[in-house]
Amino acid sequence: MQAGLDTGTKAGIDETDEPSMTEMDPARSDMPGRLPSSLELEGRILRNTGWVALGHGGRQLASLLTMFVLARLLDPKDFGLATLAWTVLYFTDQIQETGVASALIHRRKDVKRAAASALIYTPLFSLLLYGIVFACAPLIASFLHASDLTAVLRVMALVLLFRGLRVVPAAILERELRFRSKITADLAASFGQICVFLGLAFAGAGVWSLVVGYVVAAGVEASLYWVLVPWRPSIRDASRRTLLELLRYGRFVGAANVVNVVTNTIDNVVVGRVLGPASVGLYGMAFRLAEFPNSVIGHIVGRTMFSVYSWVQHDLALFRHAYVRNLERVALVSLPISVGLVIAAEPIVSVLLGDKWLSAVPALRVLAIYTLIKPFGGVSAEALKGIGKPQWNLALGILFMVLVVPALIVLTRRFGITGAAVSMLIAESVTVLIALAVSTRIVGLEPRDLARHLAPPALCCALLAFALGALLIPGHSMAPAASLALLVSVGAVVYVSAVALFARGVVGPMLVSLRTGGEP
């Protein structure tokens with residue numbers, strides 16, 4: 001899949017209004033303070049989700065728009081090399097974190113000691129990983145039949161050092177639900193990255209415009225996290241015993257992350273090995289477009305909800321309420337985007353990327369179905385971590401890997417990048433169904449209740465698909481830009497109308513919670 005090109009305050013709310021460590025853990029003691037009502041909880045979730053949406057969503061949207069410009073300045077091979085380097089670093093990033101951040105967010109006692117212990121561990125481990133990647137870069141390039149990859153990977157691997165420095169402050173910000181501070185750093189890093197991307201690309205730097213952009217963004221992000229963190233741990237408080245406790249919780253999260261990274265990057269590896277860097281660029285571009293709704297929406301709800309789930313983990317009724325509302329929101333927002341990508345793939349690629357990318361359209365359609373399903377697996381994964389069952393995510397990740405690897409090897413050789421996309425879809429469909437079954441059972445949600453909650457968003461998307469499908473034939477006789485404009489405008493009207501008619505039960509509580517339960 002494609003490497004993500006990571007790239008006005010609400011009236012009356014300032015930083016001190018966000019739920020603080022003291023509020024959730026009075027005197028930072030062992031147990032949380034007063035748990036909110038479901039209405040208060042919903043308001044806090046929506047408010048913090050809104051901040052994350054502003055930051056991560058805006059960042060990803062800017063990144064996507066930048067990618068459209070870069071697609072016309074750079075060759076598919078340039079994207080392919082950057083994607084292969086990012087694939088290696090994505091894998092090492094999860095080894096690097098080893099679940100320590102999740103353990104710190106989930107922890108309810110001795111938080112200062114835990115943060116100090118993690119602060120010593122993560123930078124040293126990051127330095128070790130950088131040395132390993134630097135030494136192994138020629139071997140990786142040889143395996144992937146990409147001789148130019150060695151230098152690209154060695155330079156881009158500098159992001160590992162910055163990532164090691166950001167783990168602890170990022171975890172503190174998320175644990176205290178201080179997403180506005182985190183967003184400030186994210187947006188600044190994104191702005192710097194986009195400036196580097198475009199400046200170097202217009203100067204003719206090719207793949208190095210992407211490489212340097214990634215490194216600059218990682219450095220800016222790590223620096224600002226430390227500036228904005230509400231309190232800073234002291235290494236004098238570090239404890240070997242506390243670090244081992246973090247690693248014991250994090251071993252399942254970290255192992256699940258590593259398995260998840262393998263399953264989410266093995267397609268890049270197989271496509272690169274079998275078809276070459278140019279095909280990786282085409283496949284990665286299709287994946288980037290298809291995964292946009294999942295990467296944005298999944299991250300937005302995921303980063304907010306894990307902190308919330310950890311907070312209310314001892315109240316099953318409140319936990320179940322948050323889980324159901326999260327599923328409804330994800331379905332309402334992510335499904336229509338994926339449906340639109342499936343139907344309008346050809347004009348989207350032609351207008352936004354150019355005709356040299358049209359061979360990616362079949363893979364894009366398959367991957368859009370894949371990313372229609374994937375967000376529901378993400379909702380379940382955050383719930384399982386939050387309720388203290390991260391081992392399930394590890395098991396599901398292993399199952400996905402067992403399913404996807406043989407399918408990729410066979411189908412990519414036979415059907416090219418479209419075969420790789422089909423392989424991902426098959427494995428994701430199976431594991432998401434199991435993840436939903438496990439998570440709903442743990443939180444005490446009956447299958448018929450799950451179906452009842454998801455029926456309104458599903459009906460709205462079915463009406464959207466019917467309307468867009470009816471426009472395909474007249475759209476073929478129009479210019480690609482006119483066809484895309486017609487599909488987008490009609491689709492928006494149809495979906496908003498459908499939501500107003502059939503999904504008021506999902507939207508209504510959100511509006512009420514924002515109005516009456518949003519203040520802590």
Side-chain angles (χ1 to χ4, degrees), residues 1-7 59 63 81-104 115 117-141 143-144 146 148-174 182 185-186 188-190 192-193 196-197 207-226 229 243 246-247 250 253-262 264-266 268-269 299:
M1 65 191 68
Q2 170 67 14
L5 300 180
D6 294 331
T7 57
R59 181 177 181 176
S63 168
L81 287 171
T83 298
L84 291 174
W86 172 86
T87 298
V88 176
L89 299 180
Y90 185 40
F91 177 77
T92 54
D93 182 40
Q94 301 305 316
I95 297 176
Q96 176 183 22
E97 199 264 321
T98 57
V100 169
S102 296
L104 186 56
S117 305
L119 182 58
I120 293 178
Y121 169 79
T122 51
L124 292 176
F125 191 53
S126 300
L127 183 61
L128 173 63
L129 282 176
Y130 176 78
I132 294 172
V133 171
F134 189 94
C136 294
L139 298 176
I140 296 170
F143 175 77
L144 294 172
D148 296 336
L149 183 60
T150 299
V152 169
L153 182 55
R154 282 176 166 172
V155 176
M156 196 184 290
L158 291 171
V159 303
L160 294 174
L161 303 180
F162 293 116
R163 286 174 179 174
L165 294 172
R166 80 178 185 184
V167 169
V168 170
I172 293 172
L173 289 171
E174 289 189 29
K182 194 168 183 295
D186 291 345
S190 178
Q193 183 184 55
V196 173
F197 278 162
V207 67
W208 293 105
S209 59
L210 302 176
V211 173
V212 177
Y214 286 124
V215 176
V216 168
V220 172
E221 188 178 60
S223 300
L224 288 179
Y225 278 176
W226 278 112
V229 73
L243 176 60
L246 293 176
L247 293 174
V253 176
N257 286 344
V258 170
V259 171
N260 189 49
V261 167
V262 172
N264 284 338
T265 56
I266 191 64
N268 284 338
V269 174
H299 178 92

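Hydrogens, waters and symmetry mates play no part in the numbers below; they use all other heavy atoms, side chains included. On a predicted model such as this, the values are computed, not experimentally measured, just so you know.
- Just one residue in the list Asp148, Ile140, Leu149 forms a side chain to side chain contact (heavy atoms under 4.5 Å, CB included) with Leu84, and that residue is Leu149.
- Within the 4.5 Å cutoff, side-chain heavy atoms of Trp86 are placed close to those of Asn268.
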Stepwise side chain to side chain contact (heavy atoms under 4.5 Å, CB included) test for Phe162 and Val215: CA-CA 8 Å; Phe162 293 116; Val215 176; 4.1 Å; yes
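- With contacts defined as side-chain heavy-atom distances shorter than 4.5 Å, the pair Val196/Tyr214 does not qualify.
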Could you pull out every donor-acceptor pair under 3.5 Å between side chains of residues 152-159 and any protein atom, sequence neighbours left out?
residue : atom : partner : partner atom : Å
Arg154  : NE   : Phe134  : O            : 3.0
Arg154  : NH2  : Phe134  : O            : 3.3

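- When side chains are defined from C-beta on, Phe125 counts as touching Leu129, because their heavy atoms get closer than 4.5 Å.
- Checked by atom type and distance alone, the side chain of Thr122 pairs as donor or acceptor with a backbone atom of Gly164 at under 3.5 Å.
- In this structure, Trp208 CH2 and Leu81 CG are separated by 9.5 Å, a value rounded to the nearest 0.5 Å.
- Put simply, CG on Leu173 and OH on Tyr225 are 7.5 Å apart, with the number rounded to the nearest 0.5 Å.
- Across all non-hydrogen atoms, the minimal contact from Ala118 to Pro123 is O-CD, 4.2 Å.
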Take Tyr121 and Val167 through the test side chain to side chain contact (heavy atoms under 4.5 Å, CB included) and record every step on the way to the result. CA-CA 10 Å; Tyr121 169 79; Val167 169; over 6 Å; no
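- Counting all heavy atoms, side chain and backbone alike, Ala217 lies closest to Ala189 at O-CB, 3.4 Å.
- Smallest separation of non-hydrogen atoms from Pro138 and Ala135: CD-O, 3.5 Å.
- Within the 4.5 Å cutoff, the side chain of Val269 has heavy atoms near those of the Phe143 side chain.
- The line from CG of Leu165 to CG of Leu160 is 11.5 Å long, rounded to the nearest 0.5 Å.
- Residue Leu224 comes nearest to Ala188 through the heavy atom pair CD1-CB, 3.3 Å, listed as atom of the first residue, atom of the second, then distance.
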